[in-house]
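The structure under discussion appears below in the form of structure tokens.
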2 protein chains.
Amino acid sequence: MGASKLDIYNEETNTIAAIAKVFAHPARVAILQFISKQDACICNDIVDEIGLSQSTISQHLKVINDAGLLKGDFKGKSICYCLNVDRFKTFQNLFNSYFNTTQNNCCT
Amino acid sequence: MGASKLDIYNEETNTIAAIAKVFAHPARVAILQFISKQDACICNDIVDEIGLSQSTISQHLKVINDAGLLKGDFKGKSICYCLNVDRFKTFQNLFNSYFNTTQNNCCT
DNA sequence: TTTTATTATCGTAATATTGCAATATTACGA
DNA sequence: TCGTAATATTGCAATATTACGATAATAAAA
């Protein structure tokens with residue numbers, strides 16, 4: 001039983017949890033920070049910066065990319081990644097909505 | 001290699017990831033919402049509401065409690081849980097700080 | 001077309017997480 | 001003290017996640 005029973009929760013609940021899961025590993029937190037500071041950078045830059053292997057970084061990038069948080073274009077042989085700021089804001093808003101709703105319930 | 005290498009990241013990075021991990025399972029997201037609506041409730045109420053077994057709920061409650069998000073006092077044989085709203089706000093602020101910093105880096 | 005560089009994917013081992021049943025522990029009341 | 005109720009803990013199986021090396025796939029340049 002390592003798989004979560006997603007069907008017993010509503011859409012919003014699963015969404016919040018899915019978003020949180022993207023940030024639930026420090027490598028991905030650090031990668032996003034690093035990319036934002038460069039405005040744009042390539043996989044091997046991230047490998048040098050974070051200190052994990054290239055294949056691990058690529059896996060983490062896939063999680064982030066699948067979450068819609070990256071935009072990437074080829075620059076020569078490299079993919080140049082930058083943040084999808086709109087998506088970032090969307091996630092932030094969903095989180096704040098959850099946090100605010102939960103707190104406000106409590107203060108009535 | 002299932003364990004994350006936490007020593008290669010800085011304190012803030014690990015903190016954000018640790019907070020996100022608390023919310024990275026829908027049961028915990030739902031439990032917090034449910035508790036907030038009741039203002040206070042007991043383990044078996046949560047079992048009934050969420051639909052997982054008592055032992056599973058207890059495990060999820062432990063994760064939430066270890067994160068400092070709950071206050072609990074005995075009411076008879078039951079523990080009556082309510083939200084630690086201050087801690088909630090702290091987490092929210094840390095998240096927003098991370099989100100805002102990362103986005104602002106990008107918009108320079 | 002071949003070579004080189006870059007990144008993604010695959011396979012693997014180790015560890016973490018999830019859910020449940022069984023049971024231990026704790027908190028009362030009789 | 002015993003009985004009951006409530007919750008935590010333990011053990012287990014199944015699955016997910018993490019990191020890495022090897023290699024496949026992709027994008028140029030020669």
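Values below: every heavy atom of this structure, side chains too, minus hydrogens, waters and symmetry copies. Owing to the predicted nature of the structure, the values given are computational and were not obtained by experimental measurement. Protein chains get the first letters and strands the later ones, always in sequence-line order, with residue 1 at the start of each.
With a 4.5 Å cut-off on side-chain heavy atoms, D66(B) and K62(B) count as touching. Side chains of Y98(B) and Q33(A) form a contact here, defined as non-hydrogen atoms less than 4.5 Å apart. With contacts defined as side-chain heavy-atom distances shorter than 4.5 Å, the pair F23(B)/L32(B) qualifies. Side-chain contact between I79(B) and C43(B) is absent, with no heavy-atom pair separated by less than 4.5 Å. Between L52(A) and K5(B), the closest side-chain pair of non-hydrogen atoms falls below 4.5 Å.
The CD1 atom of I50(B) sits 12 Å away from the P atom of dC20(C) (whole-angstrom rounding). For the pair L52(A) CG and dT7(C) C1', the interatomic distance rounds to 16 Å; values are reported in whole Å. Taking atom CG of D66(B) as the reference point, atom P of dA8(D) lies 11 Å away to the nearest angstrom. Atom-to-atom, CG of D73(A) to C1' of dT26(D) comes out at 15 Å; the value is rounded to the nearest Å. Atom CD1 in I46(B) sits about 14 Å away from atom P in dA6(D), given to the nearest Å. Atom NZ of K21(A) and atom C1' of dT15(D) are 11 Å apart (whole Å). Atom CG in L70(A) sits roughly 13 Å away from atom P in dT7(C) (whole-Å rounding). Summarising the geometry, the separation between CG on N44(B) and C1' on dT4(D) is reported as 14 Å, rounded to the nearest angstrom.
Both I79(B) and I8(B) lie near DNA chain D, and the one whose nearest nucleotide falls closer to the 5' end is I79(B). Along DNA chain C, the nucleotide nearest D45(A) and the nucleotide nearest Q59(A) are compared for position; the residue whose nucleotide lies closer to the 5' end is D45(A). Each of G2(A) and S78(A) lies near DNA chain D, and the nucleotide nearest G2(A) is the one positioned closer to the 5' end.
Here H25(B) reaches the OP1 or OP2 of dG19(C): one of its side-chain N or O atoms lies under 4.0 Å away. For dA6(D), neither phosphate oxygen OP1 nor OP2 lies less than 4.0 angstrom from any side-chain nitrogen or oxygen of Y81(B). Phosphate proximity of dG19(C) to H60(B): present, with a side-chain N or O under 4.0 Å from OP1 or OP2.
Across all strands shown, S55(A) has heavy atoms under 4.0 Å from base atoms, whether or not it also approaches the sugar-phosphate. S53(B) comes within contact range of at least one nucleobase, with a heavy-atom separation under 4.0 Å. Among the atoms of the strands shown, none is found under 4.0 Å from any heavy atom of L61(B). The residue I57(A) sits apart from the nucleic acid: no heavy atom pair falls under 4.0 Å.
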Protein and nucleotides 27-30 of chain C: nitrogen or oxygen contacts under 3.5 angstrom:
{"from": "dA27(C)", "atom 1": "O3'", "to": "G76(B)", "atom 2": "O", "distance (Å)": "3.2"}
{"from": "dC28(C)", "atom 1": "OP1", "to": "G76(B)", "atom 2": "O", "distance (Å)": "3.0"}

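Scanning for side-chain contact (heavy atoms from CB on, under 4.5 Å) contacts around I42(B) gives D45(B), S78(B), C80(B), with sequence neighbours left out.
We find the CD1-CG distance between I19(B) and L69(B) to be 9.0 Å, quoted to the nearest 0.5 Å. Here the straight-line distance linking atom CD1 of I64(A) with atom CG of L70(A) works out to 5.5 Å at 0.5 Å rounding.
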Dump the intermediate steps for side chain to side chain contact (heavy atoms under 4.5 Å, CB included) on Q103(B) and L83(A), then the final yes or no.
CA-CA 8 Å; Q103(B) 286 169 53; L83(A) 281 192; 5.8 Å; no

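Taking only distance into account, the side chain of Q54(B) never meets the base of dA6(D) through a donor-acceptor pair shorter than 3.5 Å.
With a cut-off of 3.5 Å on both pairing distances, the Watson-Crick and G-U wobble pairs of DNA chain C assemble into stems of 3 or more at C:1-30 with D:1-30.
In this structure a side-chain-to-backbone donor-acceptor pair under 3.5 Å is present from N100(B) to N96(B).
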